[in-house]
Amino acid sequence: LELLPYDQPVSLQKSGDAWIDDSGNRLIGNLMADPAIAWSPTSQDKVYPLTTGRNLWIRFTIAPAPNTERWYLEIPYPSVDRVTLYQQGTFGQWSQLIAGDRLPVAAWPVPHRHPLLPIEMSAEVPMSYVLKIENAHSFGAPLQFVSERYLSRTEQRTSLVLGIFFGLAGLAAVLGVISAVSLRDGAYALY
């Protein structure tokens with residue numbers, strides 16, 4: 001998977017492999033060492049049939065790229081139970097980042113409306129990741145990668161739209177109260 005700063009968000013699409021663990025108790029170490037697992041290519045429009053006790057595992061590799069900007073894995077699905085992003089270190093050990101509804105938002109790596117997990121970039125070697133998704137019902141949200149600059153711009157636009165909406169709603173409420181008092185009409189107070 002190549003992360004291109006001029007074409008965002010970068011969707012995982014077919015650049016990863018997926019597998020559903022029906023037992024729900026596989027660990028990252030023995031999962032990656034098991035050659036019997038039948039990984040299948042990921043797809044942007046695929047819905048994975050998850051239930052309680054089943055986990056979706058997705059593995060992907062990010063091509064070397066300049067690490068001048070911070071990148072994030074964005075899962076634009078606010079009601080996912082738990083997502084765990086594993087990254088393999090230089091000595092084979094796995095580090096993890098966790099987000100989702102089973103964890104307080106303040107404990108997420110990046111507190112946000114939906115899971116947003118920082119990823120490390122390397123200019124020399126490809127970086128391998130494994131994502132574990134636990135959810136009580138089917139999961140079909142897109143997995144996309146965004147840079148810090150793109151995320152900042154998107155958040156500013158969202159804040160502007162929400163500010164306009166709530167500003168107009170507040171203005172309508174204030175005008176309703178002023179009209180109710182000045183005209184002595186209860187209908188404006190109900191409005």
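These numbers come from the heavy atoms of this one structure, side chains and all, not from hydrogens, waters or symmetry mates. The chain is numbered in sequence order, starting from 1.
Using a distance-only test at 3.5 Å, with no hydrogens or angles considered, no donor-acceptor pair links the side chain of E2 to the main chain of I62. Looking at E148, its side chain never comes within 3.5 Å of a backbone N or O of W71 through a donor-acceptor pair. Formation of a donor-acceptor pair under 3.5 Å by the N135 side chain with backbone atoms of V80 is not found in this model. Distance alone, capped at 3.5 Å, is enough to place a donor-acceptor pair between the T42 side chain and the Q13 backbone. The backbone N or O of W39 sits nowhere less than 3.5 Å from a side-chain atom of D17 that would complete a donor-acceptor pair. At distances below 3.5 Å, not a single donor-acceptor pair connects side-chain atoms of W19 with backbone N or O atoms of I37. Side chain of N55 to backbone of G24: a donor-acceptor contact under 3.5 angstrom is found.
Nearest heavy atoms, L31 versus W57: CD2-CE3, 3.2 Å. Closest of all the heavy-atom pairs between S138 and P49 is OG-CA, 3.7 Å. Of all the heavy atoms in P76 and P142, the pair that sits closest is CD-O, 3.1 Å. Between F139 and L50 the shortest heavy-atom distance is CB-CD1, 3.8 Å. Contact detail for S147 and Q8: the closest heavy-atom pair is N-OE1, 2.7 Å. Nearest heavy-atom pair, S122 versus V125, reported as atom, atom and distance to 0.1 Å: OG-N, 3.3 Å.
The aromatic rings of H137 and Y77 stand perpendicular to each other, their planes meeting at an angle above 60°, with 30° marking the opposite boundary.
Taking the six-membered ring for Trp and the full ring otherwise, Y72 and Y150 have centroids separated by 6.0 Å or more.
L27 CG to N25 CG: the interatomic distance, rounded to the nearest 0.5 Å, is 7.5 Å. We find the CD-OG distance between Q156 and S159 to be 7.5 Å, quoted to the nearest 0.5 Å. Atom CD in E69 sits 10.5 Å away from atom CG in L3 (nearest 0.5 Å). Between atom CG of residue L162 and atom CZ of residue R157 there is a gap of 12.5 Å, rounded to the nearest 0.5 Å. For the atom pair S40 OG and K46 NZ, the distance stands at 5.5 Å (nearest 0.5 Å). Taken to the nearest 0.5 Å, the OG atom of S11 stands 4.0 Å off from the CD atom of Q44.
Between S95 and Q87 the shortest side-chain heavy-atom distance falls below 4.5 Å. With contacts defined as side-chain heavy-atom distances shorter than 4.5 Å, the pair Q88/Q93 does not qualify.
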Report task. Please test L168 against F166 for side chain to side chain contact (heavy atoms under 4.5 Å, CB included), starting from the C-alpha separation and ending with a verdict. Result -> CA-CA 5 Å; L168 290 174; F166 286 114; over 6 Å; no
**Report entry** side chain to side chain contact (heavy atoms under 4.5 Å, CB included) between H112 and E155, intermediate numbers included
**Finding:** CA-CA 10 Å; H112 201 264; E155 291 303 309; 3.1 Å; yes
**Report entry** L97 and T84: CA distance, side-chain angles, deciding distance, side chain to side chain contact (heavy atoms under 4.5 Å, CB included) verdict
**Finding:** CA-CA 6 Å; L97 299 171; T84 307; over 6 Å; no
Requested in this report: Give the intermediate values and the outcome of side chain to side chain contact (heavy atoms under 4.5 Å, CB included) for residues L12 and L73.
Outcome: CA-CA 10 Å; L12 183 62; L73 169 61; over 6 Å; no
Query raised in the report: Would D45 and S43 count as a side chain to side chain donor-acceptor pair (under 3.5 Å) if you check the C-alpha gap in whole Å, the side-chain angles of each, and the deciding distance to 0.1 Å?
Result: CA-CA 6 Å; D45 300 326; S43 167; 5.6 Å; no
Report task. Output, in order, the C-alpha distance, side-chain angles, deciding distance and verdict of ring-ring contact (aromatic ring centres under 6.0 Å, His included) for Y129 and F60. Result -> CA-CA 5 Å; Y129 293 92; F60 57 92; 5.5 Å; yes
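Linking Ile, Leu, Val, Met, Phe, Trp and Tyr residues whenever their side-chain heavy atoms come within less than 4.5 Å places L56 and L131 in a single cluster. Follow the hydrophobic side-chain contacts under 4.5 Å out from I133 and you reach L1 in the same cluster. Tracing side-chain contacts under 4.5 Å through hydrophobic residues (I, L, V, M, F, W, Y), one never reaches M127 starting from V130; they form parts of separate clusters. Taken together through direct or relayed side-chain contacts under 4.5 Å among Ile, Leu, Val, Met, Phe, Trp and Tyr, W94 and L117 form parts of separate hydrophobic clusters. Clustering ILVMFWY residues whenever any of their side-chain heavy atoms sit less than 4.5 angstrom apart, transitively, puts L85 in a cluster other than the one holding L116.
Between R113 and E74 there is no salt bridge, since no side-chain N of the basic residue sits under 4.0 Å from a carboxylate O of the acidic one. A salt bridge between D34 and R26 is present, with a side-chain N of the basic residue lying under 4.0 Å from a carboxylate O of the acidic one. A salt bridge does not link R54 with E134: every distance from a Lys NZ or Arg NE/NH1/NH2 to an Asp or Glu carboxylate oxygen is 4.0 Å or more.
Of the listed residues (I98, I75, L103), just one forms a side chain to side chain contact (heavy atoms under 4.5 Å, CB included) with V83, and that residue is I75.
Residue R102 qualifies as enclosed at atom CZ: its count of foreign heavy atoms under 6.0 Å is above 12.
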